[in-house]
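No experiment lies behind these values; they were computed from the predicted model shown.
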Amino acid sequence: MFTISNEIAYDNKMVLAKKEKLGESAWFHCIGSAINRQFVKEQAYFVAEKIASQWKNGIEPPDIYVITPFTAVKDGIKNIVKARLKQEGIPIRDISSWIIKSIGTVHTFQGRQGGRYCLFCSWNR
């Protein structure tokens, strides 16, 4: 499937990860009701806590990409994460810079590689 998709949609420019580079994986079950059929604020609050925790425990901003297929979800996550990180006293300049490079739609992250990924599927209940 990768080969077919790569050839048809990406002109053979996608990168296939090497198995030895794959790390731990986890799924989190976070229940909530969708707003506008896509954005589940409970999920955004959940990931905002995870990001704040990672930021507090490190010297630098966390190497995490938050990815969603939906623009409405991306925008909602950005707002909630920004507010949560401001509560930690992180300078707004640092927050804004991190959000721009770290939260976006699937298309934003094509070809990028990072330490951790959080994929938002945003199902209602």
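Residues satisfying the side chain to side chain donor-acceptor pair (under 3.5 Å) criterion with T105, sequence neighbours excluded, are T108.
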Derivation of the side-chain contact (heavy atoms from CB on, under 4.5 Å) call for N79 and F39 | CA-CA 12 Å; N79 290 334; F39 178 63; over 6 Å; no
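Side chains of I99 and K82 form a contact here, defined as non-hydrogen atoms less than 4.5 Å apart. Side chains of W98 and V81 form a contact here, defined as non-hydrogen atoms less than 4.5 Å apart. Counting only heavy atoms from C-beta outward, the side chains of I77 and Q43 never approach each other to under 4.5 Å.
No single ILVMFWY cluster, assembled from side-chain heavy atoms under 4.5 Å apart, contains both I100 and V66. Follow the hydrophobic side-chain contacts under 4.5 Å out from I51 and you reach Y45 in the same cluster. Cluster annotation: I35 is not connected to F46 through the hydrophobic network of ILVMFWY side chains, with a link wherever side-chain heavy atoms come within less than 4.5 Å.
The neighbour count for Q87 CD, taken as heavy atoms of other residues, nucleotides or ligands under 6.0 Å away, is above 12. In the displayed structure, K86 atom NZ is contacted under 6.0 Å by at most 12 heavy atoms of other residues, nucleotides or ligands.
Of all heavy-atom pairs between A72 and Q38, the closest is CB-OE1, 3.5 Å. When every heavy atom of K78 is checked against every heavy atom of I103, the shortest pair comes out as CE-O, 3.3 Å. Residues S102 and I64 approach most closely at CB-O, 3.3 Å, considering heavy atoms. A48 and I80 get closest at one heavy-atom pair: CB-CG2, 3.9 Å. The heavy-atom pair separating P62 from Q54 by the smallest distance is CB-CB, 3.8 Å.
In this structure, CD on E42 lies 6.5 Å from OG on S33, to the nearest 0.5 angstrom. Rounded to the nearest 0.5 Å, atoms CG (L85) and CD1 (I90) are 4.5 Å apart.
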